[in-house]
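Encoded as structure tokens, the structure appears first; notes follow it.
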Amino acid sequence: MTGELILGIDLGTTNSAVGAVESGFPILLADADGRRITPSAVWYGDAGQVEVGRKALRRRPADPGRVITSVKRLIGRRYGDEESFCVPMKPAPDGGITVLDRSPEEVSSEILKELKRIAESRLEREASKAVITVPAYFNDAQRAATKRAGELAGLEVVRILSEPTAAALAYGLDKLEERSRVAVYDLGGGTFDLSVLEMQDGVFQVLATRGDTRLGGDDLDLALARHGAERGGIDFDSLDDSAKVRLLEEAERVKCALSDRGEETFRAPFFDGVHSLEVPLTAADLGKLAKPWIARTLTCCRQALADAGTETSALDAVILVGGSTRIPAVRQAVAEFFGREPDLSQHPDEAIALGATIQAGVLGGTLRKMVLLDVTPLSLGVETFGGLMNVLIPRNTTIPCKAGEMFTNAAAGQASMRLRVLQGEREMARDNWELGLFDVPFEPAPKGQARVGVQFRIDENGILEVLARDTTTGRDTVVEIRSAAIDVDDEAVERMVGESVEHAFDDMAERIFTEARLKAEELLPAVDQALATAGELVPADERAEIEAAAAEVRKALADGQPNPLKAAVQRLDKATEALAAALVERAMEQALERRM
Ligand code: AMP
């Protein structure tokens, strides 16, 4: 079959994999040892040597300080976002992070180079393009940084694809009935997410996604290592790094073994040079340790279903992705929660890479065409008067998409408008993350008369372009927001969403107060002036009501209470209706008189 070679790559937190379409079939490519999964680990030697994958992990017990794992946690993020990491983090000049003097993109690019090498040696041809997957909740900066990592590895990234969408493709869900809904439960080594997708008109859409970037098989390894140490009378926390690594590796081995059989012995001879451990463990022991861990994933499931406005009974399939879904207790909990047996037809740790490969095949023309859609993980908007967040693209909007709104000037004679591009779920601009800040010049005009149209466009890679147009001159300002160097502050998405729920009442109260205050500040001087120049136009009782209402607004402003202020402003608005009408009438009469 003719067509262009494009690799499909799952660049995972714990493990990565690469595939390509060969003779019309999507397949994953194995390394020289026949393994299709490469650990996302990089070792940097003192003299600049680099080793990737299992070779890097093997260096860990002897050289834990020079082996980087889970670099995906740092990609596209800012210094201070992440509290702890396997090696010390330092701030980069652009506000980003460096580890062992390298940026997360550089470290990721070493993993990508290794995958590229594996593919090229299997396929015996050069590969220069790739589709790379990212979690559905990755923000702009994280997607752009992933793309840069690809470029550093000598790969043109033709598409950044959402992981749940890739998984759905691998499971062949595009062959389901129209309007079918599926849940993708992805529990890997270090992260968890649950996404709800819908197929409609032959197209996939991510309806909602929720996750926890600090929840995965690693947590269970730690719990099991602690448990094993405790049973052997050892205090895990008092051990040095290299002894901890030994116990964690053994814990992972025992955990995986217990997925296949009922019992396994935790064996760590001379793990700290002196002590040895030999602890028999059962699948029930592991099940007990895993229970609270699994419960945390189910909380995210509930939230995602609520976000998607759906129920478990409305789903047509549930698919499992990520190595940790091999654990029987996980499978059982998922089956119980969703009230159906999950589809186990694919390898859970290969599904995402396989889906990326299918998408690469479609883009390269070697597989049939299919359209894919993702959603925005967080709302995008701009700051408006009073420091409020004005959402242009709500959370969970299908991309690619665009949306716009017209804005005006707050002060007369202003010649430019400062546009703050925000991402987040909070009502006040200051509580959201600033993605960019720039000035849009426009023709000076009286207050409220300039017209600046702002449009947000998100392309199929999830990269945001902001266009601001002065409609008087037609002059455009276009800014592509793609780099962490532009002032991006990207905390974990679920934290933002959690905070927005936690502060929902306070936030709403502040928005109501701010909106009412802006209105009051406009209304009060206008009312004062109207009463002074035209108060005689309305009967005395109406005038008294206007004055009473104005006094109430002033008191409510001073009290700082949102709902009383809103009510007082409404009362004042209503009380001045007749006066406003009388003013308009008088102005018209005067205009007529002047013409006569
Ligand atoms: P992933 O990030 O999808 O590659 O998943 C990696 C995680 O899956 C690691 O925490 C592994 O320990 C875990 N894992 C892989 N195979 C098994 C298994 N058979 N039983 C339990 N956990 C597993």
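This structure is a prediction, so every number in the text was calculated from the model and none was measured. Each ligand, and each atom within it, is numbered from 1 in the order the structure gives.
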Are E163 and K72 close enough for a salt bridge, meaning some N to O gap below 4.0 Å? yes
Please state which protein non-hydrogen atom is closest to atom 10 (O) of ligand 1 and give its distance, to 0.1 Å? K255 NZ, 3.2 Å
Nitrogen or oxygen of E252 less than 3.5 angstrom from that of ligand 1: yes
For R326, the ligand 1 atoms with a heavy-atom partner under 4.0 Å come out as 16 (N), 17 (C), 18 (C), 19 (N), 20 (N)
To the nearest 0.5 Å, tell me how far L281 CG sits from L224 CG. 5.5 Å
Return yes if a side-chain donor-acceptor contact under 3.5 Å exists between Y171 and S345, otherwise no. no
Show me which atoms of ligand 1 lie under 4.0 Å from any heavy atom of T14. 2 (O)
Side-chain donor-acceptor contact under 3.5 Å, R60 with T69: yes
Side-chain H-bond candidate by donor/acceptor type, T310 with R181, under 3.5 Å: yes
For atom 20 (N) of ligand 1, grab the closest protein heavy atom and report residue, atom and distance to one decimal in Å. S259 OG, 2.7 Å
Heavy-atom contact check, 4.0 Å cutoff: does I327 meet ligand 1? yes
Are there more than 12 heavy atoms of other residues, nucleotides or ligands under 6.0 Å from atom NZ of K113? yes
Side chains of S16 and S40: any donor to acceptor distance under 3.5 Å? yes
Is any N or O atom of G322, backbone or side chain, closer than 3.5 Å to an N or O atom of ligand 1? no
Do you see a donor-acceptor pair shorter than 3.5 Å between the side chains of T282 and D285? yes
Which residue supplies the protein heavy atom nearest to atom 17 (C) of ligand 1, what is that atom called, and how far is it? C256 SG, 3.4 Å
The option among G217, G189, A329, P328 carrying the non-hydrogen atom nearest to atom 7 (C) of ligand 1 is G189
Quick check: does G323 get an N/O under 3.5 Å from an N/O on ligand 1? yes
Against heavy atoms of N15, which atoms of ligand 1 measure under 4.0 Å? 1 (P), 4 (O), 6 (C)
Side chain or backbone, does S324 bring an N or O within less than 3.5 Å of an N or O on ligand 1? yes
